[in-house]
Amino acid sequence: MTHKQGFFGKLLGGAPGPIILRLAIASIIVGAVLSFAMISPTMLWTNFFDFVGDAWTRFWRQGWSIVMWMGQYFILGAVIVVPLWVLFRIVRAMAPGGQPKDDDEA
């Protein structure tokens, strides 16, 4: 059974309710990212090209600081997680009863 959509439905790409909900969620996510980058709506509209250059510079600086921050926490966690994982795998491999179940395959 085919369902005919009116012009408004075709224009939106579906039923208005779900489309509005998706747009609201996307707007909140983009707004949070822009807020994190310290970008305000007036910055976008006053001088767009200066804004783009400044935003790129800020993003580049903050991006690298975030990568460094994540790297430090990754290494800190790996110091504990990797040896425990190796120990766990050795114990499982030495367990009686043949081949241990491989957790990596599902």
Side-chain angles (χ1 to χ4, degrees):
M1 171 162 75
T2 38
H3 177 67
K4 288 188 175 183
Q5 287 185 339
F7 175 75
F8 195 61
K10 287 181 183 179
L11 178 68
L12 291 178
I19 298 295
I20 291 171
L21 181 63
R22 279 188 251 153
L23 287 173
I25 291 170
S27 295
I28 290 170
I29 292 169
V30 169
V33 169
L34 292 175
S35 176
F36 177 73
M38 295 180 288
I39 299 170
S40 69
T42 52
M43 290 172 70
L44 284 172
W45 292 107
T46 53
N47 193 346
F48 183 74
F49 293 107
D50 284 344
F51 160 76
V52 170
D54 293 342
W56 178 254
T57 302
R58 277 196 311 272
F59 173 75
W60 189 255
R61 286 183 193 145
Q62 287 180 348
W64 279 114
S65 66
I66 290 171
V67 168
M68 296 300 290
W69 175 81
M70 287 174 54
Q72 289 173 348
Y73 280 99
F74 170 76
I75 292 170
L76 182 62
V79 166
I80 302 297
V81 171
V82 172
L84 287 176
W85 177 79
V86 169
L87 181 64
F88 178 76
R89 297 305 293 178
I90 290 171
V91 169
R92 294 270 312 235
M94 295 174 60
Q99 292 286 342
K101 180 181 147 193
D102 191 4
D103 295 331
D104 297 333
E105 295 180 7

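None of the values given here were measured: they were computed from a predicted structure.
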Peer 1: Rest of the hydrophobic cluster containing I20 (Ile/Leu/Val/Met/Phe/Trp/Tyr, side-chain heavy atoms under 4.5 Å)?
Peer 2: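 The other cluster members (ILVMFWY side chains, heavy atoms under 4.5 Å, direct or chained): none.
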Peer 1: Determine whether V86 and M94 fall in the same hydrophobic cluster, where Ile, Leu, Val, Met, Phe, Trp and Tyr are linked whenever their side-chain heavy atoms lie under 4.5 Å apart.
Peer 2: yes
Peer 1: Once side-chain contact (heavy atoms from CB on, under 4.5 Å) is applied, do any residues pair with I66, and if so which ones, sequence neighbours excluded?
Peer 2: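 Residues passing side-chain contact (heavy atoms from CB on, under 4.5 Å) with I66: F36, M70.
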Peer 1: Considering residues at least two apart in sequence or located in another chain, which fulfil the side-chain contact (heavy atoms from CB on, under 4.5 Å) criterion with W64?
Peer 2: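 Partners of W64 under the side-chain contact (heavy atoms from CB on, under 4.5 Å) test: W60, V67.
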Peer 1: Heavy atoms only: give me the nearest A78-P83 pair and the separation to one decimal.
Peer 2: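 In this case the closest contact between A78 and P83 is O-CD, 3.4 Å.
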Peer 1: I'd like to know if the side chain of S35 reaches the main chain of G31, judged simply by a donor and an acceptor atom lying under 3.5 Å from each other, with no hydrogens or angles considered.
Peer 2: no
Peer 1: Sequence neighbours excluded, which residues qualify as side-chain contact (heavy atoms from CB on, under 4.5 Å) partners of I80?
Peer 2: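 With neighbours one apart ignored, the set is L84.
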Peer 1: Suppose clustering is done on Ile, Leu, Val, Met, Phe, Trp and Tyr with side-chain heavy atoms closer than 4.5 Å. Which residues sit in the same group as I25?
Peer 2: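 Direct or chained contacts put I25 with L21, I29.
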Peer 1: Under the side-chain contact (heavy atoms from CB on, under 4.5 Å) rule, what do T57 and R61 come out as? Steps first, then yes or no, please.
Peer 2: CA-CA 6 Å; T57 302; R61 286 183 193 145; 3.5 Å; yes
